[in-house]
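Presented below is the structure to which this report refers.
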Amino acid sequence: MTMRQLGTRPPQPKPTKLVAMIPSTHLTTSAAKTPGSVSLDTSTNPTQLWIAGDWTLPHYHDLKRQTDELSNGFGAATQVDMSQLGALDTAGASLLVELLGVQRLRLLAVQAPNLPESSRALMQTIQSALSDYCQPLKDPEVAVGTQLLARIGSAVEVIWDDTLQLLGFIGLILQTFVTTMLRPKRWRTTSVIAHIEQIGLDAAPIVALLTFMVGAVVAFLGATVLKAFGATIFTVDLIGFSFLREFAVLLTAILLAGRTASAFTAQIGSMKANEELDALRTLGLSPTEMLVLPRVLALLISLPMLTFLAMICGIVGGGMVCSLSLGISPAMFLSLMQADIGVQHFLVGIVKAPIFAFFIAAIGCLEGFKVEGSAESVGAHTTSSVVQSIFVVIVLDALAALFFMEIGW
Amino acid sequence: MTRRCVSPSEAVIQVRGLCNRFGPQVVHENLDLDLYRGEILAVVGGSGSGKSVLLRSIVGLQKPAQGNVRVLGQDLLNLSDKARSQVERRFGVLFQKGALFSSLTITENVALPLIEHAGLSREEAEHLAGIKMALAGLPLSAAHKYPASLSGGMIKRAALARALALDPDILFLDEPTAGLDPIGAGAFDQLILTLRDALGLSVFMVTHDLDTLYTITDRVAVMAQKHVLVADSIDKVAAYKDTWIHEYFHGPRGRSAYAAATHPHEVS
């Protein structure tokens with residue numbers, strides 16, 4: 001074998017001096033002239049290693065392949081010729097350091113006297129940085145079955161921990177509430193009212209519109225089904241019962257779980273990420289009292305009011321469909337409702353509102369406290385708070401439905 | 001220490017007549033400043049004197065009200081998106097708080113520009129990222145951690161590794177040594193000096209660290225009264241007749257930093 005030519009083209013005479021004068025990085029981005037190459041000449045004795053061209057980031061892929069092929073392919077006595085080396089940046093220099101090794105780098109001053117001082121310094125810097133540094137080890141692969149079991153296990157553990165934390169947090173809120181109630185000086189009225197505006201007033205239009213349309217849809221549905229029995233008049237009862245007992249409070253709670261729980265988590269979460277909560281604690285202030293309590297109280301007040309609005313809008317929506325397509329006039333609609341639907345149905349609906357409100361607020365705030373300093377964590381906990389609060393709302397609603405059915409309301 | 005002699009014709013950054021205002025508040029008025037190829041320029045000034053705003057104007061994050069900024073001979077604000085991206089690849093910016101991507105590990109943070117711009121495979125990019133991290137002095141254990149679990153000094157180093165990922169021509173450093181312990185800060189200074197010499201970097205630095213000013217800078221620009229009051233070698237700047245500059249360089253901290261830089265043997 002004579003000359004193992006691994007480079008893309010043979011070493012060309014010069015432009016070493018020219019290149020050396022221009023700061024090397026100048027060439028890296030402006031489409032470097034000569035791609036870097038390395039080749040081993042075994043015809044001479046001792047063997048000669050030719051290093052030429054630009055050893056820069058744009059050629060990294062090719063150079064890496066070439067050096068990988070050459071590694072350990074030459075003996076200790078090999079002479080290194082770097083006289084045709086062009087531009088050099090950290091990427092190229094790191095490859096050279098890996099190729100030549102510590103021993104040869106020390107001899108570079110003798111072996112390659114033409115090498116610019118800056119290039120030698122760069123390689124020395126990289127070599128010394130790498131000397132106490134090797135590529136980080138990744139975690140060993142685990143079998144898929146084991147991973148699956150581990151994930152199921154950790155998910156169950158997370159659910160259990162979350163439940164315990166939520167119960168503990170609810171206790172903390174109640175305790176803070178009681179101690180604060182006894183001292184009117186510590187009531188944060190301004191904060192509560194500001195939150196009521198954000199949570200209640202600002203959400204009123206969307207709640208009204210949504211329930212109005214659902215009311216109309218339910219009326220259409222009822223009319224279609226009941227027509228077969230000649231009982232379209234009971235559409236009024238359908239709308240009254242469904243909105244007073246279930247739909248108004250459930251739709252509002254789900255809407256606020258999406259709108260408000262997420263806002264609470266994001267607000268408290270970014271405060272946590274910014275160490276504002278720690279600052280409050282070091283000032284001897286309680287984040288529960290200052291941040292959580294006003295939010296919980298505001299939602300406790302807002303959700304029943306919005307639920308009432310939702311009941312009215314749902315019934316109006318249904319009533320409109322009744323009067324337009326079934327010929328039941330608004331006056332008749334109202335008198336039918338008055339005759340058929342007792343006040344306990346309204347109470348069944350409205351009594352659930354504060355309970356839902358409390359859980360939505362508690363979950364939203366608690367998830368905010370769980371945020372851990374990164375933007376991604378804020379996102380993950382916001383998602384989690386919405387999912388959890390909707391879940392809790394629906395579960396509680398199902399339990400309440402069973403309860404009220406059993407007591408005969 | 002070698003200080004480079006650079007001719008004014010090689011300005012990589014030219015700021016001319018720059019004006020910046022936020023509403024009624026005027027931050028810069030008729031500001032001129034040059035960064036020459038291969039030099040380390042430090043910008044100093046009181047808090048709120050608009051140092052960071054100047055840096056943001058130069059890298060094109062802040063649109064100036066008036067005046068123009070030419071970087072590597074091109075006006076960033078008048079370039080097409082593609083051409084601008086080409087120029088921006090030749091910057092490395094180290095933000096004051098690191099600005100690491102919190103959803104990526106440190107290795108992934110450094111490898112990101114290598115994968116996106118240099119077209120390396122993930123494996124190659126992470127290998128090279130490891131080298132940049134070693135250069136920046138990050139310990140091995142930090143490689144697979146997320147930024148949220150690192151100390152301030154480690155975040156600075158990781159951010160430097162990312163800024164160096166594409167072997168930039170110009171390195172912008174916003175308070176690079178703030179929050180580092182004195183040993184770490186000294187090593188950081190030496191690292192920047194070595195990289196400048198080896199790579200021919202031009203370094204634009206906003207700093208308050210007097211030791212950094214005395215050990216590694218070629219020129220110091222003082223920002224006051226909404227423009228650059230003086231930009232020259234540190235000895236000339238320190239001798240400039242201005243109350244603020246006098247207090248800055250001849251206060252107790254300035255004197256001790258000067259003593260440490262001029263008589264390193266006695267100090268060590």
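Quick note on labels: first sequence line is chain A, next is B, and so on, each numbered from 1.
- In summary, B:E108 and B:R122 engage in a salt bridge, as defined by a charged side-chain N under 4.0 Å from a carboxylate O.
- A:K370 has a carboxylate O that lies under 4.0 Å from a charged side-chain N of A:D162, or vice versa, which qualifies the two as a salt bridge.
- For B:L135, the parts lying under 4.5 angstrom from a heavy atom of chain A are both the backbone and the side chain.
- Of the two parts of A:Q124, neither the backbone nor the side chain holds a non-hydrogen atom closer than 4.5 Å to a non-hydrogen atom of chain B.
- Neither the backbone nor the side chain of B:L72 comes within contact range of chain A; no heavy atom of the residue lies under 4.5 Å from a heavy atom of that chain.
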Subject >> Trace of the side-chain hydrogen bond (donor to acceptor under 3.5 Å, both in side chains) decision for A:H59 with A:Q66 >> reply: CA-CA 11 Å; A:H59 311 302; A:Q66 292 180 30; over 6 Å; no

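- With a 4.5 Å cut-off on non-hydrogen atoms, B:A136 does not touch chain A at all.
- Residue contact with chain A, scored on non-hydrogen atoms closer than 4.5 Å, involves the side chain of B:T194 exclusively.
- B:D34 has a carboxylate O that lies under 4.0 Å from a charged side-chain N of B:R16, or vice versa, which qualifies the two as a salt bridge.
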Subject >> Candidate pair B:L191 and B:L160, rule side chain to side chain contact (heavy atoms under 4.5 Å, CB included), full reasoning >> reply: CA-CA 10 Å; B:L191 174 64; B:L160 180 70; 3.4 Å; yes

